*Asks:* 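If you scroll down you'll find the structure; I have some questions about it.
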Amino acid sequence: MAWAGILRRSDLEKPMIGQLNLAAPPGAKPNDNDMEQKRLVEKDAPLKKDDLLVITGAGGFIAGNLVKHFLKKGFTRIRAVDKKPLYEWYLRNPGVENLCLDVSQEDNCHRVCEGAVEVYQLAADMGGMGFIERFRIECLRSILINTHMIEAAYRAGARRYFFSSSACAYNTDLQQDPNVRALKESDAYPAMAERGYGWEKLVSEMFCQEYWAERGMKTAIARFHNVYGPHGTWDGGREKAPAALCRKVIEALDKQDLNITIWGDSTATRSFCYIDDCVKGIDMIMHCDALIATPINLGSSELVSINDLLSKVEKIAGTKLQRHYDLNAPRGVAGRNSDNTFIKQVLKWEPNTTLDKGLAATYKWIKEQYNKRKAGKRVVE
Ligand code: NAD
């Protein structure tokens, strides 16, 4: 019997419900279906530089940087889509077809996917812990985006479909200790995902697996772990820890009030993936036949406590602040790290930008935005 990672077209013949053994780890012993897989994954025609790439959520952080990545690689037909008005996009890349459309609406998804060779679905209503704990319904409603987009991509005859999943899909029972064991791909099942956001991601992953199993569309699923870097959210309530801490340190220095309030008791641990590694990883995962319909971690394995993260930011800024802890603020799980055994095995690569290097670039960028805003210039937060 096949496990989730190796569902193949041959499974079409078999009843699916109740047969999926989603807990089997990637890298499990090959079985008969592996042999079928090797026969049945048809080779793509080489991707041409003028093939149409559709990237949704492109007014946001990761997808905006992904557009930039493909432009740099020489792709000439990129359709970037976001529901935000264009002036609110973090990055507006020249030479790109920018569409302001809401992809939770089915009709829009068909328009968006028309002629697409590859679709990268990164649109979601999301933010840091503060947002996903407070707005669980909004997070769950992203299911509309993911159901309509994958169907539209399939009907448009897209060759490959990428889905941006999250480490929030992992079983939260395994993340109760700051000295957490790094999460490997099979740890999502038995399922006990993060309320709202995590469950939505898990179900949408399943769509990707079944569109491959039942309909033969090649799908890719990456579970991102806390992505950070320039051109991301840095203020307003949706920002994540690295951006929030950079901004707070910059603010403290600017106001000469050397105090900082941190959410939680700061012993929680996380790993943070630099944006350049993230977009490189998306490209590699999307084009790897061994990873079709197979969820994979895309994160750094450099674990850090929030306290140590702040110390790093202070070092970059050349200051030391008096720390205050807001124990009523949203905290999320106690610890979370990415086990990169599988990605190293399959791609011979893992996200490798050090936190020190990535944070320095992020701090510099946020400081520029902060100063621009202070000078009365328009910035996107
Ligand atoms: P982001 O908020 O910067 O970008 C998401 C974009 O999607 C936003 O610009 C938003 O306007 C757009 N969007 C939302 N609903 C839409 C709709 N109905 N139609 C069209 N556009 C819509 O977030 P991001 O950090 O760039 O995240 C991108 C993807 O990666 C998301 O799916 C997110 O869940 C996932 N992810 C991100 C992280 C992270 O650390 N940033 C971690 C795990 C997973």
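Hydrogens, waters and symmetry mates are skipped; everything else that's a heavy atom, side chains included, is used. One-based numbering, in listed order, for ligands and for the atoms of each. Computed from a predicted structure; not experimentally measured. Heads up: numbering here begins at 1 and tracks the sequence.
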*Asks:* I need the atoms of ligand 1 closer than 4.0 Å to a non-hydrogen atom of Ile145, numbered in the order shown.
*Replies:* 15 (N), 16 (C), 17 (C), 18 (N)
*Asks:* Tell me: protein heavy atom nearest atom 19 (N) of ligand 1, and distance?
*Replies:* Val103 N, 2.8 Å
*Asks:* Hey, does Tyr197 sit under 4.0 Å from ligand 1 if you only count heavy atoms?
*Replies:*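 It does; at least one heavy atom falls under 4.0 Å.
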*Asks:* Specify the protein heavy atom at minimum distance from atom 37 (C) of ligand 1: its residue, its atom name, and the distance to 0.1 Å.
*Replies:*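 In this structure, atom 37 (C) of ligand 1 has Met126 CE, 3.6 Å as its nearest protein heavy atom.
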*Asks:* Has Ser165 got any heavy atom lying under 4.0 angstrom from an atom of ligand 1?
*Replies:*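 Distance cut 4.0 Å: Ser165 passes for ligand 1.
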*Asks:* Which residue and atom name correspond to the protein heavy atom nearest atom 28 (C) of ligand 1, and how close is it?
*Replies:* Leu122 O, 3.3 Å
*Asks:* If you have a sec, work out which protein heavy atom is nearest atom 27 (O) of ligand 1 and how many Å separate them, to one decimal?
*Replies:* Ile62 CD1, 3.8 Å
*Asks:* Angle class for the Tyr120/Phe70 ring planes (parallel below 30°, perpendicular above 60°, tilted otherwise)?
*Replies:* tilted
*Asks:* Which heavy atom in Asp326 sits nearest to a heavy atom in Thr261, and how many Å separate them?
*Replies:* CB-CG2, 3.9 Å
*Asks:* Please could you name the atoms of ligand 1 that Tyr90 approaches to less than 4.0 Å, counting only its heavy atoms?
*Replies:*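 Every atom of ligand 1 under 4.0 Å from some heavy atom of Tyr90: 3 (O).
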*Asks:* Ring centres of Phe207 and Phe163 under 6.0 Å apart?
*Replies:*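 Centroid separation for Phe207 and Phe163: 6.0 Å or greater.
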*Asks:* Any N or O on Lys201 sitting closer than 3.5 Å to an N or O of ligand 1?
*Replies:*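 N/O-N/O distance under 3.5 Å: yes.
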